Amino acid sequence: MANAKDFTKILLDESEMPTQWYNLIADLPTPPPPPLHPGTLQPVGPQDLAPLFPMDLIMQEVTTDRYVDIPGEVLDVYKTWRPSPLYRARRLEKALGTPARIYYKYEGVSPAGSHKPNTAVPQAFYNKKAGIKKITTETGAGQWGTALSYACALFGIECEVWQVGASYDAKPYRRLMMEVFGAKVHRSPSNLTEAGRKLGADPKNQSGSLGIAISEAVEMAAKDPSTAYALGSVLNHVLMHQTIIGEEALKQLAKVGETPDLLIGCTGGGSNFAGLSFPFMREKLAGKMNPEIRAVEPASCPSLTQGVYAYDFGDTAGMTPLMKMHTLGHDFIPDPIHAGGLRYHGMAPLISHVYELGLLTAQAVPQTECFEAAVQFARTEGIVPAPEPTHAIAVAIQEALKAKESGEEKVILTALCGHGHFDLAAYDNFLSGKMVDENITPERFAESIAKIPAVK
Ligand SMILES: *Cc1c(COP(=O)(O)O)cnc(C)c1O
């Protein structure tokens, strides 16, 4: 076996790439509570979801099979950038003077620059197979919209994206990249939908939110049988598609004889975190390793650490099924922080359930600490992280410094789920000393939490 001490970058061959996604639900002591129809409060059945999603994806949403084969057409596309590299952060470790060994699984090598194509590609594939002509979606930071635009271009499907207003204004290059891939992009709230017109009339909604953009995209898809809707996070099938990250990381660490003591990922809707951690959770549940698995969220949108575990809508207008999740309330509008991908009021029902089962821990971090960590990371490792994974990096650095005090040779694995090449305005804000931390007094969350529908 190779020695961990010799490696900076641990690669897999194409032939070693996993060929199945992993479904954590198969290994949990209890399944997550089902989504409910908001009218009847009965569990949502496959036919309820059919106006929005192709049946293959609906079946993946509800399956209890442990593994699902990745279609050959999807594997062929994955090979454009997968297997992705696992790096050891040697220079960061040295700068921190820590005995900890820090590894990061880097998803910024994908065409969109993040982990999102891992699910955008199969979603476009299954929609094409079902004869769908157009896909609508929302995008927060622009990463998901970019990934879906790319995937739709590969499979010859039209793509229409509602980009959260704050992000549309701050990130013209993300919009342009989507347009290069052939997508049509709208600023949300827009005048094109009933939800957009209604919610857009309230001045507090002008910067937009993921919840509002989802309402707009869902409304458009529900109206037209040849149009489907795609979500870049939160749903079971999305989390499952991302597990290729963790499956690869398991193999990569095994190559150098390492077992992680701590896994850290940032959580918006939970997909990159689930993607890295669920295969390790399987090993943990099987008693083969015992890492702590920690979700890191922004202090301004702390659904796990400050939200309540309740049935709530996935969107602001209340058009989606009710999902049991940790939520700050569906009409909560987070501060317009730079990590746009983490500005979601809820958390994936599956992550929420696993958190309730005590299988993971959670922590919230304010954005200035995240950018301090990101700059230190960039100046040692040479990669400029997207604002979202700076949350994971900040906690990796906190933990590496604790290990320095205790002298512990801790093995830390983080998800570096995207690069920040389109986020340099955020870095400008930080470097020029203008970045402020968020308002996180409990009153900030109380009003929207009080409006969560009462469902037993
Ligand atoms: C979308 C996105 C996120 C947030 O979504 P998750 O589903 O929580 O992963 C985080 N980081 C990056 C780079 C993203 O593009």
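For the numbers below, each heavy atom of this structure counts, side chains included, while hydrogens, waters and symmetry mates do not. Whatever order the structure lists them in is the order used to number ligands and atoms, beginning at 1. Worth saying up front: this structure is predicted, and the values here are computed from it rather than measured.
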Students often mix this up, so state it plainly: with edges at 30° and 60°, are the rings of Trp21 and Tyr78 parallel, tilted or perpendicular?
perpendicular

For this session: Using only heavy-atom distances, determine whether the side chains of Ser84 and Lys105 contain a donor-acceptor pair under 3.5 Å.
Result: yes

With heavy atoms and a 4.0 Å threshold, my read on which part of Lys116 contacts ligand 1 is side chain

Specify whether Tyr22 and Tyr67 have parallel, tilted or perpendicular ring planes, treating 30° as the upper limit for parallel and 60° as the lower limit for perpendicular.
tilted

Numbered in order shown, the ligand 1 atoms found under 4.0 Å of a heavy atom of Ser233 are 6 (P), 7 (O)

For Gly268, the ligand 1 atoms with a heavy-atom partner under 4.0 Å come out as 8 (O)

min-distance protein heavy atom vs atom 4 (C) of ligand 1 -> Gly341 O, 3.2 Å

With no hydrogens and no angle check, do the side chains of Trp144 and Ser233 hold a donor and an acceptor under 3.5 Å apart?
no

| Touching ligand 1 at all, Cys417? Heavy atoms, strictly under 4.0 Å? | yes

So for ligand 1, is Ser271 a polar contact partner (N or O within less than 3.5 Å, distance only)? yes

Quiz prompt | ring-ring contact (aromatic ring centres under 6.0 Å, His included) assessment of Tyr150 paired with Phe181 | solution = CA-CA 5 Å; Tyr150 153 72; Phe181 284 130; 5.7 Å; yes

Exercise. What do you reckon, does Gly269 have a nitrogen or oxygen under 3.5 Å from a nitrogen or oxygen of ligand 1?
Worked result: yes

Note: His241 and Leu57 closest approach over all heavy atoms is CE1-CD2, 3.8 Å

- Task: Decide whether Tyr104 and Glu381 meet the rule of one side-chain donor and one side-chain acceptor closer than 3.5 Å.
- Result: yes

Counting from 1 in the order shown, the ligand 1 atoms closer than 4.0 Å to a non-hydrogen atom of Gly270 are 6 (P), 7 (O), 8 (O)

Note: Thr267, heavy atoms under 4.0 Å from ligand 1, region reported as backbone

closest protein heavy atom to atom 10 (C) of ligand 1 is Glu388 CB, 3.4 Å

Start with the C-alpha gap between Phe371 and Tyr427, add the side-chain angles, then the distance that decides, and say whether ring-ring contact (aromatic ring centres under 6.0 Å, His included) holds.
-> CA-CA 7 Å; Phe371 276 83; Tyr427 282 88; 5.1 Å; yes

Measuring from non-hydrogen atoms of Glu107 to any atom of ligand 1, is the shortest distance under 4.0 Å?
no

